[in-house]
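Order of the sequence lines fixes the chain letters, A, B, ..., with proteins taken first and strands second; residue numbering starts at 1 for each chain.
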Amino acid sequence: DTEVTQTPKHLVMGMTNKKSLKCEQHMGHRAMYWYKQKAKKPPELMFVYSYEKLSINESVPSRFSPECPNSSLLNLHLHALQPEDSALYLCASSHLTDTQYFGPGTRLTVL
Amino acid sequence: AQSVSQHNHHVILSEAASLELGCNYSYGGTVNLFWYVQYPGQHLQLLLKYFSGDPLVKGIKGFEAEFIKSKFSFNLRKPSVQWSDTAEYFCAVNPSGRALTFGSGTRLQVQP
């Protein structure tokens, strides 16, 4: 099973809202990632968790707050987003330096 | 910093034509190399990968790629494309750690 699941599939939020994106994998992977993908662009790395600890933060604004409550779950908390944050948010997981498997993404629209 | 270049941004082919998509990277050390595909409305899927060994790697759906270390290249090929191959193709590298750097992508359009 190489499945990474993400919820919700679609999310529309106002600039004052607080929402969360969720990601889950049951492959025993100990590295999990958040990427942001704008239309017709490649995914851009946001955060990397390794053994439930944040190991890479690619200078992401603080209105994005990641959380890794356990080895299977990864959350991305959103607060006071801007319209330019509208994008597809992708979660991925891997056995550390091995192949990354991607979820279907959450399509976020910020009004 | 490492970078990945995909020079073909948009490729249009007829069915049964042969395909070659270019990928070059700039990193002098050991790299892991990947090709991912994103079909319309679907998530990124792994086509193939190279970590070590035989530089000619075969992936799913008849795709293959050749790693040429001297040219810092990892080009994707398919001898005969199908309409269902219409998608966005991303080359990616992962030098030593866990973060992938993606190329800008190549949009392949196969006409029936």
Residues 61-78 of chain B: residues contacting chain A (heavy atom under 4.5 Å, by number): none
Lys41(A) NZ to Glu88(B) CD distance, which is reported to the nearest 0.5 Å: 10.5 Å
Same cluster (ILVMFWY, side-chain, under 4.5 Å), Met15(A) and Phe64(A): yes
Chi angles and distances behind the side-chain contact (heavy atoms from CB on, under 4.5 Å) call for Leu100(B), Tyr33(A): CA-CA 10 Å; Leu100(B) 281 173; Tyr33(A) 314 77; over 6 Å; no
Residue part contacting chain B, namely of Gln37(A), when any heavy atom lies under 4.5 Å: side chain
Shared hydrophobic cluster, Leu21(B) / Ile60(B) (ILVMFWY, side-chain heavy atoms < 4.5 Å): yes
Toward chain A: residues of residues 34-48 of chain B with heavy atoms under 4.5 Å: Phe34(B), Tyr36(B), Gln38(B), His43(B), Leu44(B), Leu46(B)
Arg30(A) CZ: over 12 foreign heavy atoms closer than 6.0 Å: yes
Exercise: identify the closest heavy-atom pair between Phe102(B) and Pro42(A): CB-CB, 3.7 Å
Atom pair CG/CG of Asp98(A) and Asn32(B) - distance to nearest 0.5 Å: 8.0 Å
Neighbour count above 12 (heavy atom, 6.0 Å) for His10(A) NE2: no
Co-membership, hydrophobic cluster, residues Leu111(A) and Leu78(A), 4.5 Å side-chain: no
ILVMFWY network linking Leu54(A) to Leu74(A), side-chain heavy atoms under 4.5 angstrom: yes
